[in-house]
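One structure is given here, and the rest of the page talks about it.
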Amino acid sequence: MVLLQRPHILLLLIGTHQFLQCWIAFGSVNEEGQKQEEFSEELLLKTLPDHKLLAHFHFQSSAPPSTSNGCHHHLFPKAISQLVQKFRIKEMELSFTQGRWNYESWGGFDPKSSSNAKPAGVELWAVFDVPQHHIDASWKNLTHTLSGLFCASINFLESTATYSTPEWSFPPASGNVRYGTLPCEAVCTENLSPWLKLLPCRDKAGIALLLDRPSLYRGFYHSQQLHLTSTGSSSEGIDSGIILEQTLTVVLQPNSEMAIEVHASEKHIQPSWSLSSIFGKQVSGRCVLAKSSSVYLLLDRGLSAANGLTSENFWSNPSFELSANPDRIFLEESSSHSKSLSILYMFQVEKYCESEPFDIGLMWKVPLAWFCQQTPLHASSANSKDGSCELRVDVFQVVPWYVKVYFHSLRVFVDQQPRAVSDIIEKIHVSPSKDKCLLGFLRIDEYPPDANQGFDIPSAIISFPNFHASMVFLEDDSLNKSPLLSKFQEKCPVMPYTEVLLVPLTTPDFSMPYNVITITCTVFALYFGSLLNVLQRRVAEEERFLKAKAAKKTGRLPLLLSKLSAKLRGRRLEPLHSPPSSSSFINSKLVLKVILVAGLAVGWQYFFS
Amino acid sequence: MSSYAGSMYHGSPLLLSLLGPLTVKRIEGQPNHLLYSLVSVIADVVSAMLIRATGQNLRLAYLRSLESLDLVKQIDVSEFLCSGDIAALIYLCNPFTIVACVGLSTSPIENMAVILCLYGACSRLIPLAAFGWVIATHLSLYPAILIIPVIFLLGCGPDSPPRKLFLQRHQQKEVLNQSKLPPGFSWRPIIHFAFWAFLWSVYVLVLCGISLKQFGGLWEMFKSTYGFILTVEDLSPNIGVLWYFFAEVFEFFRNFFLIVFHVNILFMILPLAIRLRHRPCYLAFVYVAICSMLKSYPSVGDSALYLGLLGWFVNELADMQFSLFLFCGYVGVSLLSPVMHNLWIWRGTGNANFYFTTAMVYACLQIVLVVEGVSAMLNHDRKLRILITGKPQDAKS
């Protein structure tokens with residue numbers, strides 16, 4: 001009351017309160033000034049040997065470990081940090097993929113394809129930091145939470161029949177990892193939108209502005225991935241730091257209108273492209289919350305060799321022209337295998353803004369052909385004398401519980417020659433599913449929707465544990481390390497995936513449950529009734545009754561019918577006898593019954609109509 | 001690794017350890033399955049020989065009972081077919097037996113165990129009968145109900161007309177010659193049999209327990225073998241009717257229908273035993289036929305068994321109705337059923353309903369066979385009574 005009468009005192013109090021809040025917030029920011037949340041966005045473009053374009057978006061957010069509970073995030077998505085804290089996730093990867101990664105044309109050994117080529121559908125694996133017996137419960141809750149977060153049916157992975165615990169073929173190999181995949185899940189813009197919501201600028205500013213849905217989903221392959229790592233264990237009582245990497249890998253076909261202008265007669269010219277021609281948009285400035293925002297263009301070894309570029313003359317471009325000048329050029333550290341190197345051009349997006357949007361284009365002047373390095377790589381045979389070399393391959397395959405696998409029919413082919421299984425395979429570990437048994441036929445409620453299409457067997461992971469793919473680029477200053485370059489330099493394991501198999505399994509007729517039940521029960525009733533009848537029948541009495549019935553029939557047709565039935569049954573026709581005297585008595589009883597029922601019906605109708 | 005993991009095998013662990021290596025061992029230059037096929041063929045031949053011996057036993061008993069009833073002149077004995085030979089030939093030449101042997105199934109061995117049990121009981125070889133019964137029950141659950149015909153066989157002897165007829169005959173002749181009467185029910189062989197059965201079952205259980213010690217023990221074995229049979233987990237299409245039923249029935253009613261179908265077998269044991277107690281071998285035949293019709297996973301190997309046993313009774317069942325209809329029905333179903341199976345599963349042009357129809361027709365044929373067979377046997381006894389007493393009566397025949 002007093003305050004209302006003196007409005008200036010009220011205003012003073014409110015102002016002081018606001019000032020104090022700002023000061024506290026400012027102070028707390030200053031306290032943790034060294035460890036702040038960071039966000040960086042990058043885009044990598046690469047022309048593939050079959051003239052398609054690979055666009056790889058890489059968004060990385062990191063939240064530092066904090067000692068306070070319920071810390072506020074201003075860049076890092078709160079949903080993810082709650083997920084990590086609630087389920088104690090050490091590492092997790094979730095990928096939504098549509099399309100098949102073409103290992104022959106697009107490569108399998110460079111770091112990009114070994115970490116970004118995923119099987120079609122949804123793949124989820126997670127490492128938990130909880131005791132062994134809680135992991136299954138944590139996995140189940142995680143699948144449900146992710147299902148709600150990303151609008152996908154990841155919750156199908158919750159039952160023990162659909163996920164597995166790889167032990168030695170799947171890195172990180174420990175008992176805490178759980179792996180599950182849904183091969184038939186369709187990926188659409190409904191999954192992309194929640195994924196984009198985790199970014200600080202969404203798709204309204206920065207590089208994410210390029211994510212035009214029609215052009216994305218027109219591509220040959222697109223895969224959006226989410227990779228979480230939490231640094232530090234939560235047993236020390238502090239919230240661990242989290243690094244969230246969101247990557248989107250798209251393989252697109254640039255339209256070839258521009259190429260026709262240059263060389264009309266050439267058939268093999270690769271199509272020129274630019275960001276506006278592929279995505280229909282241009283980058284109009286960076287996301288203001290991003291610490292760094294850059295676009296990279298990669299020429300891999302094969303292309304630079306075809307170009308004739310070596311470490312000396314990488315400045316000159318005889319065969320293509322870039323529409324913007326790169327800000328920096330990185331060279332790969334030279335390796336002993338070949339003289340050609342990968343070259344990485346870097347463009348800073350900070351320099352561009354709304355009025356001067358960033359659009360990079362590549363125009364080819366000469367037709368070139370090159371190849372990329374495939375898996376498996378070359379294995380040197382320097383160790384052994386007879387020219388053979390050893391290559392260790394781990395294969396991890398999940399087979400759904402309703403498919404029977406006959407292990408004795410396993411065949412191994414080396415160089416398309418069949419070899420004995422025991423020579424090649426060192427160990428097989430089979431873990432059958434515990435609660436559901438393998439059947440050739442399922443119950444009616446166990447079939448997935450649209451069962452007539454078939455069942456998917458998820459792809460197998462083939463890993464070469466002795467080989468790692470990495471690309472190390474020479475950099476001038478190591479202070480400003482971009483996350484993409486660090487990922488290049490990480491030794492990531494080479495893990496190509498096989499294709500998803502579609503197995504048509506036989507289905508029963510789903511429209512017939514009532515009919516089947518009724519007919520089967522009829523058969524059983526037939527058995528039961530007739531057998532009991534035979535067992536307790538008094539044959540002599542029945543014969544007398546039959547004789548009496550036969551005597552009543554005087555017409556020709558019933559006589560013929562009874563003769564026919566007797567012949568069919570193999571019995572002799574009994575001669576007619578005189579009818580017993582009780583027939584009239586039966587008749588009057590019957591007439592009385594009929595009159596009684598008719599009277600009841602009339603009365604009912606009369607009283608209730 | 002446990003032999004029951006992954007739900008591929010649901011049989012006896014002893015069978016697996018005895019016959020499993022035979023399926024894997026290879027002889028150079030011969031096809032892969034030669035050794036196991038040899039075992040099946042030997043099992044079939046042994047079963048046929050045992051059927052023949054039992055058939056001869058039965059025929060001798062029948063002739064003896066006719067003699068003691070003084071019906072030898074009225075019934076033309078010379079027209080009697082040699083039932084033992086016919087039964088053995090039917091069993092060996094049955095296409096169902098051959099198919100079961102070619103398909104490398106375990107039916108020949110299960111059939112051999114059942115026939116061993118019946119042969120031992122007929123010939124009063126009690127340890128052999130006990131062994132056969134224990135092994136047959138161990139391999140598949142259903143031969144357990146053969147204990148009742150075995151008890152009757154050991155107590156009263158092989159098939160003979162009802163005891164009442166003998167008493168009536170001797171009343172007529174006013175000579176009570178005790179030696180011509182068939183012996184009464186004796187308990188001694190039964191106790192002997194129980195002892196041997198107990199011994200054999202303890203032995204088998206101990207062996208199984210040893211082989212399954214680190215995989216969960218005997219309870220795991222019972223759950224995987226008997227539990228699997230009783231709960232009808234596997235719904236692969238077969239010649240029976242239960243697979244489609246349990247694929248389509250809703251979860252709520254599953255237990256109820258399981259109980260109903262298994263009680264159907266159990267319920268018929270008592271009325272049949274009461275009515276056919278003087279003919280234990282025929283009772284065994286009816287039990288085997290009912291089991292192979294209503295069991296959880298029927299196959300043609302089970303049909304081969306009861307069709308072979310049917311040959312023992314060619315003389316008594318000469319007046320069976322619908323015999324031609326049944327024969328044509330069996331031939332028709334055995335030709336159509338693989339065709340429908342192929343159409344549905346391999347070509348994808350047919351439907352599950354086609355195959356299920358043939359399975360239903362097959363079940364109906366088996367029902368007709370059982371019902372008409374029982375009816376014909378009861379009529380035969382009635383005819384004997386008419387021959388003895390000279391007039392039909394109101395009482396049950």
Side-chain angles (χ1 to χ4, degrees), chain A residues 401 404-408 429-447 452 504-541 543-544 568-571, chain B residues 1 5-8 24 228 233-237 241-251 253-254 257 260-261 264 267-268 271-272 274-276 290 293-294 319 321-323 344-345 348 351-353 356 360 363-364 366-368 370-372 374-375 378-379 382 392-397:
Chain A
W401 59 274
K404 275 190 199 165
V405 181
Y406 293 104
F407 287 105
H408 69 274
H429 176 77
V430 177
S431 55
S433 117
K434 289 182 200 63
D435 17 315
K436 298 223 201 228
C437 53
L438 296 167
L439 307 171
F441 219 57
L442 304 173
R443 294 183 207 170
I444 197 170
D445 48 358
E446 284 167 354
Y447 279 95
N452 288 315
L505 288 186
T506 55
T507 57
D509 190 354
F510 294 114
S511 63
M512 293 271 286
Y514 178 70
N515 301 347
V516 166
I517 294 174
T518 316
I519 292 174
T520 312
C521 290
T522 307
V523 166
F524 274 82
L526 190 73
Y527 147 80
F528 189 79
S530 42
L531 195 57
L532 269 186
N533 186 23
V534 159
L535 284 177
Q536 59 87 44
R537 193 193 297 178
R538 296 174 181 216
V539 182
E541 197 179 278
E543 277 187 348
R544 268 190 284 131
L568 216 59
R569 294 164 100 227
R571 281 186 194 259
Chain B
M1 200 164 134
S7 177
M8 275 300 260
V24 182
F228 186 71
E233 285 293 334
D234 186 11
L235 299 172
S236 309
V241 294
L242 287 183
W243 57 275
Y244 206 28
F245 185 85
F246 282 110
E248 302 265 6
V249 80
F250 299 131
E251 204 54 46
F253 298 105
R254 203 183 147 81
F257 280 114
V260 163
F261 291 150
N264 254 328
F267 181 79
M268 278 302 165
L272 281 168
I274 292 174
R275 213 57 165 96
L276 292 171
I290 288 176
M293 185 166 70
L294 299 179
D319 287 335
Q321 291 179 25
F322 302 129
S323 43
W344 173 39
I345 290 188
N351 207 348
N353 298 330
F356 185 63
M360 246 172 26
C364 288
Q366 286 174 312
I367 291 173
V368 168
V370 166
V371 167
E372 291 307 320
V374 170
S375 167
L378 294 176
N379 274 342
R382 192 177 143 261
Q393 287 184 356
D394 283 7
K396 287 188 200 177
S397 54

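The basis for the numbers below is simple: all heavy atoms, side chains too, and nothing from hydrogens, waters or symmetry mates. Residue numbers begin at 1 in each chain, while the letters A, B, ... track the order of the sequences.
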- Note on the structure: Interatomic distance, CG@B:N379 vs CZ@A:R537, rounded to 0.5 Å, equals 7.5 Å
- Note on the structure: Tightest non-hydrogen contact, residues A:M512 and B:E248, listed as C-OE1, 4.0 Å
- With a 4.5 angstrom heavy-atom cut-off, which part of B:L242 approaches chain A: side chain, backbone, both or neither? side chain
With a 3.5 Å cut-off and sequence neighbours excluded, list the donor-acceptor pairs that the side chains of residues 518-532 of chain A form with protein atoms.
{"unit_1": "A:T518", "atom_1": "OG1", "unit_2": "A:Y514", "atom_2": "O", "d": "2.5"}
{"unit_1": "A:T520", "atom_1": "OG1", "unit_2": "A:V516", "atom_2": "O", "d": "2.7"}
{"unit_1": "A:T522", "atom_1": "OG1", "unit_2": "A:T518", "atom_2": "O", "d": "2.6"}
{"unit_1": "A:Y527", "atom_1": "OH", "unit_2": "B:N264", "atom_2": "O", "d": "3.2"}
{"unit_1": "A:S530", "atom_1": "OG", "unit_2": "A:L526", "atom_2": "O", "d": "2.4"}

- Query: Measuring heavy-atom distances to chain A, does B:A247 have an atom under 4.5 Å in its side chain, in its backbone, in both, or in neither?
  - Reply: both
- Message: For the interface with chain A, which of B:N353, B:I290, B:N351 has the highest count of heavy-atom pairs at distances below 4.5 Å?
- Response: B:N353
- Task: Mind checking the CG-CE spacing from A:L535 to B:M268? Nearest 0.5 Å is all I need.
- Result: 6.5 Å
- Query: Should B:F257 and A:I517 count as side-chain neighbours, where that means a heavy-atom distance under 4.5 Å?
  - Reply: yes
- Message: Looking at A:F510, I want to see if its CZ is surrounded by more than 12 non-hydrogen atoms of other residues, nucleotides or ligands under 6.0 Å.
- Response: yes
- Query: In terms of heavy-atom pairs under 4.5 Å, which option from B:R254, B:E372, B:M293 contacts chain A the most?
  - Reply: B:R254
